Amino acid sequence: MKVKIDLDENHHETTITIHAKEWSKELELLVEKLKEQTTGKLIGTENDKSILLHPKEIDFIYAHDRKVFAVANEKSIEINMKLYEVEELLETYHFTRFSKSVIGNLQQINSFELSFNGNLCVFFRSGNKEYVSRKYVMNVKEKLILGGGTK
């Protein structure tokens, strides 16, 4: 792979162009890395303290009583954002929708069980568990099979 950088003060913004013969896993990873946000941290509040949360620490994020909470290190920490805003922010960190009120971190999944009613019970490395509703089961399985939880 060749890398060319053209530095010129006449450029108004940074633009990246990739020339390739065909799409590959290497290109997919490169594009994913470029999309990652440099900050990538959420600010939560617990006992009147502001806490910085890195996406890798979070098992899942849920909405309850018009508030949004991140579950990390066996604690529920309130986040002052809407669930859909958090979902958009953390999409490049392998978070995906589990249900109407939950998004989960695919990288933290240890195992899962399929329930008789079609739901999926997800067990995280921390020991926490959460359910994926039937509507989102196929999407979660596809992302796990395609490598969403392997990094």
Side-chain angles (χ1 to χ4, degrees), residues 1 3 5 7 11-18 24-151:
M1 179 187 326
V3 176
I5 299 176
L7 299 175
H11 296 307
H12 297 290
E13 65 180 335
T14 302
T15 305
I16 298 173
T17 305
I18 299 173
S24 67
K25 185 70 176 171
E26 181 182 38
L27 284 177
E28 185 178 334
L29 292 172
L30 180 61
V31 170
E32 188 175 298
K33 202 64 162 165
L34 290 171
K35 285 182 179 179
E36 279 186 11
Q37 298 177 3
T38 54
T39 59
K41 293 186 179 176
L42 294 174
I43 298 174
T45 54
E46 181 184 47
N47 300 329
D48 295 329
K49 287 185 187 175
S50 292
I51 299 172
L52 286 175
L53 295 169
H54 192 280
K56 292 178 183 178
E57 301 171 337
I58 300 170
D59 286 343
F60 60 94
I61 297 170
Y62 67 96
H64 180 69
D65 289 339
R66 297 185 176 263
K67 294 182 181 180
V68 175
F69 299 90
V71 176
N73 304 322
E74 300 182 21
K75 295 180 185 177
S76 287
I77 300 165
E78 186 176 351
I79 297 173
N80 294 321
M81 294 175 74
K82 298 196 181 319
L83 191 61
Y84 73 88
E85 293 172 334
V86 176
E87 182 178 22
E88 289 173 7
L89 181 69
L90 298 179
E91 187 176 35
T92 58
Y93 291 96
H94 303 288
F95 278 76
T96 193
R97 185 67 72 158
F98 279 13
S99 67
K100 185 178 173 184
S101 61
V102 178
I103 58 173
N105 186 348
L106 298 177
Q107 293 179 319
Q108 294 296 332
I109 293 175
N110 188 43
S111 63
F112 53 89
E113 292 177 356
L114 188 60
S115 302
F116 68 92
N117 64 359
N119 289 352
L120 194 65
C121 183
V122 174
F123 297 92
F124 294 96
R125 292 183 185 135
S126 66
N128 289 320
K129 74 176 181 177
E130 186 57 52
Y131 291 91
V132 179
S133 65
R134 283 183 300 194
K135 180 179 177 180
Y136 297 98
V137 167
M138 285 306 295
N139 184 41
V140 170
K141 280 184 172 181
E142 286 173 6
K143 287 186 177 184
L144 285 172
I145 290 168
L146 293 175
T150 59
K151 288 186 179 179

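Just so we're clear, the structure is a prediction, and the values are computed from it rather than from any experiment.
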If we ignore hydrogens and angles and just use 3.5 Å, is the side chain of [X] paired with the main-chain N or O of [Y] as donor and acceptor?
{"X": "Arg97", "Y": "Lys100", "value": "yes"}
{"X": "Arg125", "Y": "Asp59", "value": "no"}
{"X": "Asn110", "Y": "Phe124", "value": "no"}
{"X": "Gln108", "Y": "Lys56", "value": "yes"}

Could you tell me whether the side chain of [Y] reaches within less than 4.5 Å of the side chain of [X], counting heavy atoms only?
{"X": "Ile58", "Y": "Leu42", "value": "yes"}
{"X": "Leu53", "Y": "Lys75", "value": "no"}
{"X": "Val86", "Y": "Met81", "value": "yes"}

Holding to side chain to side chain donor-acceptor pair (under 3.5 Å), I want the full list of residues that pass it with Ser133, two or more places apart in sequence or in another chain.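 Scan of Ser133 (side chain to side chain donor-acceptor pair (under 3.5 Å), adjacent residues dropped) gives none.
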Who pairs with Asn105 by side chain to side chain donor-acceptor pair (under 3.5 Å), at least two apart in sequence or on another chain?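 Asn105: no side chain to side chain donor-acceptor pair (under 3.5 Å) contacts found.
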Pairwise distance [atom1]([X]) to [atom2]([Y]) - rounded to 0.5 angstrom:
{"X": "Ile51", "Y": "Lys41", "atom1": "CD1", "atom2": "NZ", "value": "13.0 Å"}
{"X": "Leu52", "Y": "Glu57", "atom1": "CG", "atom2": "CD", "value": "9.0 Å"}
{"X": "Asn128", "Y": "Ile109", "atom1": "CG", "atom2": "CD1", "value": "12.0 Å"}
{"X": "Ser99", "Y": "Leu120", "atom1": "OG", "atom2": "CG", "value": "12.0 Å"}

Shortest non-hydrogen contact between Val122 and Phe112, atoms and distance: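 In this case the closest contact between Val122 and Phe112 is CA-CB, 4.1 Å.
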Residue [X] excluded, over 12 heavy atoms near [atom1] under 6.0 Å:
{"X": "Ile43", "atom1": "CD1", "answer": "no"}
{"X": "Glu85", "atom1": "CD", "answer": "yes"}
{"X": "Phe69", "atom1": "CZ", "answer": "yes"}

Centroid-centroid distance, Phe98 to Phe60, less than 6.0 Å: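 Not under 6.0 Å, so no.
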Examine the side chains of Ser76 and Tyr62 and answer whether a donor and an acceptor come within less than 3.5 Å of each other.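 Side chains of Ser76 and Tyr62: pair found under 3.5 Å.
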With Asn73 via side-chain contact (heavy atoms from CB on, under 4.5 Å) - residues at least two apart: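 Checked Asn73 against side-chain contact (heavy atoms from CB on, under 4.5 Å); zero matches.
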